[in-house]
Amino acid sequence: MVAERYNAPEREKHWRKTWDDEEVYKVEENESRPKHYVLEMFPYPSGRIHMGHVRNYSMGDVVARYKRAKGYNVLHPMGWDSFGMPAENAALQSGVHPKDSTYAHIATMREQLKEMGLSLDWSRELATSDPEYYEQQQRLFIDFLQKGLVYHKKSKVNWDPVDHTVLANEQVIDGKGWRSGAPVEQRELDQWFLKITEYAEDLLSALDRLERWPDKVRLMQRNWIGRSEGLLMQFALEGGALPKEHEKLEVFTTRPDTIFGMSFCAISPDHPLAKQLAVEDEGLSAFIKETHQMGTSEEDIERAEKRGYDTGLKAVHPFRKTTKVPVYVANFVLMQYGTGAIFGCPAHDQRDLDFARKYKLPVKAVVVPEGEDPKDFTVGDEAYTGPGGIANSSFLDGMGVDEAKNEVATRMEKRGEGQRKINYRLRDWGISRQRYWGCPIPIIHCETCGVVPAEDLPVRLPEDVTFDKPGNPLDRHPTFKHVDCPKCGAPARRETDTMDTFVDSSWYFARFCSPHAKTPVDRKAVDYWLPVDQYIGGVEHAILHLLYSRFFMRAMTDTGHVDIDEPFAGLFTQGMVIHETYRDKNGQWINPDDISFQGEGRERKAILAKSGEPVTIGPPEKMSKSKKNTVDPVDFIANFGADTARWFVLSDSPPERDVAWSDEGVQGSWRMVQRLWRLIDEAAEKGAEKGAKRPAEFSGSATELRRTFHKGLHWVSHNIETLRFNTAIATIYDLANKLGSALQGQKNDKDPSLEWALRESAEIMTQMFAPIMPHLAEECWARLGYNSLIVKQPWPEAEQALLVDDQITIAVQINGKRRDELQITRNASKADIEAAALDLEGVKRALEGREIKKIIVVPQRIVNVVA
RNA sequence: GCCCAGGUGGCGGAAUUGGUAGACGCGCUAGCUUCAGGUGCUAGUGCUCGUAUGGGCGUGGAGGUUCGAGUCCUCUCCUGGGCACCA
């Protein structure tokens with residue numbers, strides 16, 4: 001009678017083979033069915049999957065399986081973001097060719113992913129390093145080029161003078177190369193750019209329509225694009241012998257309304273005027289050098305105080321010619337933004353205020369908050385940036401901020417000394433990488449024809465390269481670089497830079513729709529599948545990857561490949577898997593396997609198992625090898641099965657938050673697997689036969705069980721729809737408890753309607769956990785007598801009549817405190833509820849000797865007696 | 001410095017969106033089952049006063065709105081995360 005222990009690893013293998021044999025996850029376009037495209041961010045093939053992958057892909061798989069059961073034609077593909085620096089770095093260190101290591105890693109990880117039992121259509125698998133993939137990417141590049149969305153220009157890179165190589169920002173540590181340790185130089189190289197700024201306005205405004213994106217991500221993108229409306233203004237400069245091009249200083253401001261509060265102007269140390277002046281001014285030259293030593297990191301900037309160097313020049317106020325203000329070179333003015341020059345109004349900008357206090361410049365308030373007297377409103381240590389009325393400002397007096405902005409802009413434009421401008425922080429996307437392991441840029445540089453697109457695509461990465469010398473192997477390859485111009489036939493030079501790997505990931509989701517097409521995408525396929533309905537991945541890609549993909553869809557629309565702006569209709573950013581950390585007395589990280597634990601709760605202590613030395617238990621942190629707090633999913637699955645792992649990573653925390661891996665928690669999941677198996681087994685035994693006729697009437701206990709399960713089903717469905725897997729799981733636990741009780745209670749007397757309800761509940765239960773624990777669900781489904789696969793079953797429908805109770809419990813409060821509760825029919829009248837409430841023992845006791853002032857009755861909700 | 005997200009039992013968290021705070025899981029306590037080595041079942045488990053019926057206090061803190069606040073408003077403290085001194 002009692003079932004054998006469920007042998008998860010063994011049964012899971014069996015069910016995976018069955019799914020494979022029946023090709024249950026293979027999909028094709030089918031216009032007659034609604035589609036649903038579920039995608040998780042594809043992995044970089046690092047060699048092994050980690051728990052983060054397990055969590056990410058479990059979430060997507062639950063959605064995919066649920067939607068499939070709901071009748072959708074579900075696209076759920078997987079691929080590899082397989083170009084990139086790690087493989088090339090490994091080649092530098094160990095000499096293994098990037099191609100060899102990459103494809104070996106892919107082979108391993110593919111098998112590991114398969115062991116998770118994901119419902120993926122593997123026939124659509126792709127790797128961005130496949131020539132079939134990057135050939136199409138090169139086509140897109142050329143199409144973009146011809147559409148004017150690609151250009152090249154000189155741009156700065158980090159140059160390692162020892163390794164003779166270009167460094168990514170993350171390879172520059174404290175201004176030094178990560179391998180050589182040599183101070184990094186800035187070099188200008190000719191580089192390719194994609195015109196993402198062309199779409200700045202649309203990328204910004206369309207964010208409002210991405211309703212199924214987290215607000216947080218939309219905000220980050222908004223800030224990244226950084227739109228600001230302002231005014232370009234020209235100031236006349238005086239003092240010193242100025243060359244013609246610098247007689248006027250052009251600044252950008254978003255606050256032209258504060259022009260009468262101006263007390264200085266400041267230019268960036270990189271401003272041409274600053275450079276020019278520095279030639280004759282040693283002090284300035286030294287100051288500029290100093291500002292360059294200041295780091296650009298957040299921390300450096302935060303610590304740095306606002307500093308300036310007085311150039312001796314004066315800027316003339318445009319509306320009050322007698323007012324002339326000093327012009328500084330200042331460390332807080334950035335050349336990349338606006339014109340690299342500002343006018344400072346200390347009263348209404350914190351940075352300007354800090355600067356003015358330091359250099360004892362006047363601080364004059366010109367915007368006065370409502371209710372303040374303009375005569376005695378002053379600014380202390382905090383600039384006033386809020387709304388208000390303009391004062392002390394000649395013709396602007398009495399206007400509001402917006403009105404004044406407008407007035408100044410109009411007057412400046414009329415005089416030809418100003419121009420309204422919308423400025424973006426977003427810059428064009430530099431995609432040139434001076435590396436081997438990436439998609440070759442399909443360009444040939446010819447002395448006579450200029451830039452010529454390569455013909456004969458793909459431009460293949462040559463495989464006969466070595467990594468024994470620093471620099472890009474493509475650059476020194478015997479035949480790759482030197483080619484004839486496709487146009488004129490003269491000797492020419494092939495571009496040896498490759499593309500940023502963010503390009504690869506900017507359109508892979510589109511390629512999945514038709515992974516083997518001879519064009520970048522098959523129009524029919526993308527029209528059917530796109531956009532991705534649910535995209536799931538880490539928040540670390542909130543800005544770049546997602547913004548680039550949004551740009552790509554627009555660019556691909558403008559080049560006729562697709563007709564869609566937004567690639568991801570729904571986005572979800574999941575939290576990490578974290579784990580406790582342990583260190584010994586010397587601060588060395590300790591592997592959990594070497595530790596034994598003593599005590600519980602706050603008393604819990606850890607010691608080294610071998611020596612008994614104390615170990616400090618640290619807070620849970622992101623799993624990483626260096627901290628020795630990783631748990632290998634492959635090992636885990638081999639022991640407990642994929643279902644236990646999938647269940648656990650979704651159960652303990654809300655999906656957007658981090659989840660702490662703990663052995664105790666995992667044990668709980670493992671027990672649940674076994675428990676569900678026993679429950680279904682017992683229900684199959686004690687419940688009605690498969691396909692038994694539905695009873696005409698249900699007993700009280702049968703109805704109660706059915707209500708519980710149909711309500712539970714309703715709630716679990718809702719929780720999966722809204723990706724709240726942890727609450728779905730909590731409900732399933734609850735239902736398991738209820739089913740267990742019902743099975744116990746059923747022992748005594750014969751009740752056919754309860755038997756029917758037990759089977760119904762067991763079936764609903766199995767179908768509910770099927771998206772999360774698909775293998776166990778198949779096993780249970782078979783135990784329930786079915787020859788069919790549960791993966792092919794439609795999602796059960798809750799019976800509406802069972803979702804509302806006739807008898808309900810409502811709380812009765814006295815002065816807002818609960819004193820008793822009331823059982824009453826659902827549609828009882830207010831008067832009936834009131835009468836019944838006042839008749840309760842607990843209410844009478846609490847009311848004793850008090851006078852009832854008021855009774856609030858909210859039918860079906862609550863009664864509150866005010867006394 | 002700016003922006004964002006959070007603070008609920010010993011822990012992870014729930015509260016279907018203003019209506020019984022603490023569901024569910026973990027842990028713990030007691031008991032049962034010849035159960036022996038990651039087992040199952042039953043009961044209990046916010047704090048506190050009380051033998052108990054029962055009472056008081058409780059969602060970081062202080063105010064406020066409301067018949068009623070974990071949920072809304074104001075101020076404040078703390079913890080994470082992000083960033084671009086963006087004029």
Side-chain angles (χ1 to χ4, degrees), chain A residues 2 5 214-216 219-220 223-224 226-228 230-231 251-256 258 266 296-298 301-304 306 330-334 336-345 348-352 354-355 423-425 539-540 542-543 600-604 620 648 651-654 656-660 662-672 674-675 678 711 714-715 718-719 722 724 726-727 729-737 740 744 809-822 842 845-846 853-858 860-867:
Chain A
V2 174
R5 228 171 145 72
D215 290 341
K216 183 187 176 180
L219 184 68
M220 285 166 86
N223 292 338
W224 188 262
R227 180 187 200 270
S228 53
L231 182 67
V251 306
F252 177 70
T253 179
T254 55
R255 293 300 301 273
T258 63
T296 49
S297 83
E298 174 66 17
I301 286 161
E302 197 171 321
R303 283 201 192 124
K306 277 140 199 70
N331 63 350
F332 65 95
V333 180
L334 301 178
Q336 304 99 299
Y337 194 82
T339 60
I342 63 156
F343 80 74
C345 176
H348 306 294
D349 183 291
Q350 192 59 48
R351 292 156 301 165
D352 295 350
D354 294 345
F355 189 82
N423 203 32
Y424 297 93
R425 178 192 169 274
V539 72
E540 66 271 20
I543 298 174
E600 304 292 343
R602 280 187 180 164
E603 302 298 305
R604 185 161 164 268
F648 177 75
S651 68
D652 248 25
S653 295
E656 70 279 7
R657 269 192 241 173
D658 293 348
V659 63
S662 77
D663 289 340
E664 293 81 7
V666 165
Q667 288 301 329
S669 300
W670 170 242
R671 283 197 297 267
M672 183 59 169
Q674 298 298 340
R675 186 160 160 236
R678 283 195 310 271
K711 278 189 214 161
H714 184 71
W715 185 229
H718 177 71
N719 287 152
T722 52
R724 292 162 65 218
N726 58 320
T727 52
I729 285 174
T731 307
I732 294 173
Y733 269 112
D734 204 16
L735 292 171
N737 293 341
Q744 294 257 307
T809 308
I810 58 181
V812 181
Q813 302 177 331
I814 313 290
N815 293 335
K817 292 200 170 158
R818 194 191 74 94
R819 294 297 167 178
D820 212 331
E821 54 185 38
L822 178 65
R845 194 184 323 116
K853 293 182 184 136
K854 193 176 175 187
I855 303 180
I856 288 112
V857 178
V858 184
Q860 299 174 31
R861 289 264 180 204
I862 207 159
V863 177
N864 191 10
V865 182
V866 186

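None of these values were measured; they are calculated from a predicted model. Residue numbers begin at 1 in each chain, while the letters A, B, ... track the order of the sequences. No hydrogens, no waters, no symmetry mates; every other heavy atom, side chains included, goes into these values.
Base pairing of B:rC24 is made with B:rG12, judged by Watson-Crick or G-U wobble geometry with both donor-acceptor distances under 3.5 Å. The nucleotide B:rG18 finds no pairing partner, because no Watson-Crick or G-U wobble arrangement with both distances shorter than 3.5 Å includes it. Pairing for B:rA5 goes to B:rU79, judged as Watson-Crick or G-U wobble with the two contacts each under 3.5 Å. Base pairing of B:rG70: no nucleotide in any strand meets the Watson-Crick or G-U wobble criterion (both distances under 3.5 Å). Partner assigned to B:rA43 is B:rU29, using Watson-Crick or G-U wobble distances below 3.5 angstrom. When Watson-Crick and G-U wobble pairs are counted only if both distances are under 3.5 Å, B:rU59 pairs with no nucleotide at all.
Rounded to whole angstrom, the span from the CD atom of A:Glu656 across to the P atom of B:rG13 amounts to 10 Å. Across the protein-nucleic acid pair, A:Arg657 atom CZ and B:rG80 atom C1' stand 11 Å apart, rounded to whole Å. Atom CD1 of A:Ile814 and atom P of B:rC67 are 17 Å apart (whole Å). Between the C1' atom of B:rC86 and the CZ atom of A:Arg351 lies a distance of 7 Å, rounded to the nearest Å. What separates CG of A:Asp349 from C1' of B:rG1 is a distance of 12 Å, to the nearest Å. One interatomic measurement links the two molecules: CD1 of A:Ile732 to C1' of B:rA14, which rounds to 15 Å at whole-angstrom precision. Remark: C1' of B:rG81 and CD1 of A:Ile543 are 12 Å apart, rounded to the nearest angstrom. In this entry the distance linking NZ of A:Lys216 with C1' of B:rC3 reads 12 Å, nearest Å.
Taking the P atom of each, B:rC86 and B:rU76 are spaced 22 Å apart, rounded to whole Å. Comparing the same atom, P, in B:rG63 and in B:rC11 gives a spacing of 26 Å after rounding to whole Å. Going from the C1' atom of B:rC26 to that of B:rG13 covers 11 Å, rounded to whole Å. The separation of B:rG19 from B:rA69, taken at their C1' atoms, amounts to 10 Å, rounded to a whole angstrom. Nucleotides B:rA21 and B:rG58 are separated by 13 Å at their P atoms, to the nearest Å. Nucleotides B:rG61 and B:rC49 have their C1' atoms positioned 26 Å apart, rounded to a whole Å. One C1' atom belongs to B:rG80, the other to B:rG68, and the distance between them is 33 Å to the nearest Å. The gap from the C1' atom of B:rG37 to that of B:rA52 amounts to 43 Å, rounded to the nearest Å.
Where A:Val659 and A:Gly842 meet RNA chain B, the nucleotide closest to each residue was compared, and A:Val659 sits on the side nearer the 5' end. Nearest-nucleotide assignment on RNA chain B puts the 5′-proximal partner with A:Gln350, out of A:Gln350 and A:Asp663.
Across all strands, A:Val865 comes closer than 4.0 Å to no nucleic acid atom at all (heavy-atom distances). Looking at heavy-atom distances under 4.0 Å, A:Leu334 makes contact with a base. A:Trp670 comes within contact range of no nucleotide atom at all, as no heavy-atom separation falls under 4.0 Å.
Look at A:Arg425 and you won't find any side-chain N or O under 4.0 angstrom from OP1 or OP2 of B:rC83. Put simply, A:Thr254 has no side-chain N or O that comes within less than 4.0 Å of OP1 or OP2 on B:rC86. Contact between the side-chain N/O atoms of A:Lys711 and the OP1/OP2 oxygens of B:rU16 is not found at any separation under 4.0 Å.
When all heavy atoms of A:Thr339 and A:Phe252 are compared, the pair lying nearest together is OG1-N, 3.5 Å. Closest non-hydrogen pair, A:Asp354 versus A:Lys306, comes out as CB-CD, 3.6 Å. For the residue pair A:Val333 and A:Ala266, the shortest heavy atom distance occurs at CG2-CB, 3.9 Å. Considering every non-hydrogen atom in both A:Phe648 and A:Ser662, the closest pair reads CZ-N, 3.8 Å.
Of the listed nucleotides (B:rA15, B:rG55, B:rG13), B:rA15 has the atom at the smallest distance from the side chain of A:Trp715. Of the candidates B:rC86, B:rC85, B:rG13, B:rG13 carries the atom nearest the A:Pro654 side chain, counting heavy atoms from C-beta on.
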I'd like to know whether A:Phe332 forms a side-chain contact (heavy atoms from CB on, under 4.5 Å) with A:Ile342, so could you lay out the CA-CA distance, the side-chain angles of the two residues, the decisive distance to 0.1 Å, and finally the verdict. CA-CA 10 Å; A:Phe332 65 95; A:Ile342 63 156; 4.1 Å; yes
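The base of B:rC67 has none of its N or O atoms less than 3.5 Å from a complementary donor or acceptor on the side chain of A:Lys853.
For the side chain to side chain contact (heavy atoms under 4.5 Å, CB included) with A:Val863, the lone residue among A:Ile856, A:Ile810, A:Ile814 that qualifies is A:Ile810.
For B:rG9, the base is syn relative to its sugar; the glycosidic angle is within 90° of 0.
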At under 4.0 Å between heavy atoms, which parts of nucleotides 17-26 of chain B does protein reach? Answer with one letter per nucleotide, 5' to 3': B base, S sugar-phosphate only, - none. --BB--BSSS
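Atom-to-atom distance recorded for A:Ile732:CD1 and A:Thr727:OG1 is 10.0 Å, nearest 0.5 angstrom. Rounding to the nearest 0.5 Å places OG1 of A:Thr731 at 9.5 Å from CG of A:Asn726.
Listed for the A:Asp352 side chain is a donor-acceptor partner under 3.5 Å among the backbone atoms of A:Cys345.
With contacts defined as side-chain heavy-atom distances shorter than 4.5 Å, the pair A:Ile855/A:Val866 does not qualify.
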